[in-house]
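Written out below as structure tokens is the structure these notes cover.
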Amino acid sequence: GAGVSAERMGAVAVIAILTAANIRGLQTGRIVQNLFTSAKVASLLFIVIVCLLIAPNRGALALNFGNAAAFLGETPLIGLAGFGAAMVGGLFSADAWASVTFTASELRNPKRDLPRSLAIGAGLVVFLYILTNAAYLAQLPLLGDPAASDIFGRGISAAYSDRVASAALQMVWGKWGAALTAALVMVSTFGCVNGLILSGARVLRAMALDGVFFARAGALNHASVPAAALLMQAGWAVVLALSGSYGDLLDYVIFAQLIFYAITVLAVFVLRARWPGRERPYRALGYPYLPAAYIGCAIVLTIDLLIVRTKSSGFGLLIVLSGVPAYLLRKRNRAARYAAPIGRRET
């Protein structure tokens, strides 16, 4: 539930520090992002090398890869439902694939650089994610017992506080592995939060310029960054940080993202039907089959989340729907303002 704790106040501090850094200018935000992203990639490669290559656990390898049926759970249906819910973490890891497009107006050559960034970024994340999960499976059994007294017995499914990375490194180095994991997670968190802060404010600015958000969010400061949008975003992020657990917030975000990503991809079909002669700045590979498959998968996952995690996903749906009346109200006010006589319009 909502409240104040040491962990949540730490999250608030991180939001404040990184927002202040991004207000100083895009260059500062870029330096912070590159620094922590490089450190995060190095941390993941370290985990992979240690857990998968240097010191794999033979017992975990035998349990995980000696019986493929263990990955499906008790029945195929339960296994597939659980797989869909488990995709929340994976989807969040790759969620920033679209965030790079939010800074398109500030790139020198977006037509060339954006497709490269999307392909390289998404490809690298998927590659690292697969390797990291293989490293976990090389140290811990996939299915564990919540009542077990040791780390190995609890496995991945029942790891303490869902801290699988910590459990995996503890299998290698004991208590020192847990301390090392905490440091690596802090590095990863800084990089993730900075990327979301940097890109999210650009969305608010674009909405403001389109007249569907507060006009102040569209203003740039002396460093040519949307400072007001950054502060608004920070305020809402603090409210969310104090309102619930990380797992609940993750469900809210991913459920909403799946809906909007499906709508975004659907827009490709709509725009090509409405304006077939327009110049296309990028190629939609596999069109129309690949985009259609993406939309189908997103719909299946949203339904699965509503069934498996009804409370948190339902709350995420309410958050999304709450924006509809606000959007319609601002749209009506904007139309009324421009329909008024010239002498009575707001300046």
Side-chain angles (χ1 to χ4, degrees), residues 10-44 91-125 128-129 184-210 212-241 246 249-250 252-254 256-257 260-261 264:
V12 170
V14 169
I15 292 169
I17 292 171
L18 293 178
T19 297
N22 279 275
I23 287 177
R24 291 177 59 86
L26 182 62
Q27 181 72 2
T28 303
R30 182 184 66 82
I31 292 174
V32 173
Q33 189 62 37
N34 289 343
L35 174 63
F36 283 98
T37 297
S38 300
K40 178 166 58 176
V41 171
S43 300
L44 290 174
L91 289 170
F92 181 71
S93 297
D95 181 57
W97 69 269
S99 298
V100 67
T101 63
F102 301 163
T103 59
S105 62
E106 298 172 74
L107 296 179
R108 295 177 181 176
N109 191 347
K111 186 174 182 179
R112 179 198 66 189
D113 295 337
L114 279 180
R116 292 181 181 179
S117 299
L118 288 168
I120 295 173
L124 180 61
V125 168
L128 287 173
Y129 194 83
L184 297 181
V185 168
M186 289 177 63
V187 170
S188 177
T189 301
F190 256 76
C192 176
V193 174
N194 187 74
L196 294 174
I197 288 174
L198 186 150
S199 59
R202 272 67 184 179
V203 177
L204 298 183
R205 179 172 186 265
M207 292 171 61
L209 295 178
D210 286 343
V212 293
F213 196 64
F214 301 109
R216 181 61 181 166
L220 299 178
N221 66 359
H222 65 281
S224 299
V225 297
L230 283 164
L231 292 174
M232 292 178 188
Q233 176 181 252
W236 178 239
V238 168
V239 171
L240 291 177
Y246 176 77
L249 293 175
L250 198 59
Y252 303 160
V253 170
I254 296 305
Q257 290 286 47
F260 285 112
Y261 285 159
T264 300

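Side chains included, hydrogens not; waters and symmetry mates left out as well; all remaining heavy atoms used.
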Considering non-hydrogen atoms only, spot the tightest contact between [X] and [Y] and give its length.
X      : Y      : value
Leu230 : Ala201 : CD2-CB, 3.4 Å
Ala208 : Phe213 : N-CB, 3.8 Å
Ala229 : Ala217 : CB-O, 3.6 Å
Asn22  : Gly29  : OD1-CA, 3.5 Å

So how far is it from [X] [atom1] to [Y] [atom2], rounded to the nearest 0.5 Å?
X      : Y      : atom1 : atom2 : answer
Leu196 : Gln233 : CG    : CD    : 8.0 Å
Lys40  : Leu35  : NZ    : CG    : 12.0 Å
Thr37  : Arg30  : OG1   : CZ    : 11.5 Å
Phe36  : Cys192 : CZ    : SG    : 12.5 Å
Arg216 : Leu204 : CZ    : CG    : 14.0 Å
Leu184 : Thr189 : CG    : OG1   : 10.5 Å

Backbone N or O of [Y] within a donor-acceptor pair of the [X] side chain at under 3.5 Å?
X      : Y      : answer
Asn194 : Phe190 : no
Asn221 : Pro226 : no
Arg202 : Leu198 : yes

Counting neighbours of CE on Met207 that are heavy atoms of other residues, nucleotides or ligands and sit closer than 6.0 Å, is the number greater than 12?
yes
Audit row: Val225, Leu220, side chain to side chain contact (heavy atoms under 4.5 Å, CB included) steps and yes/no
CA-CA 5 Å; Val225 297; Leu220 299 178; 5.5 Å; no
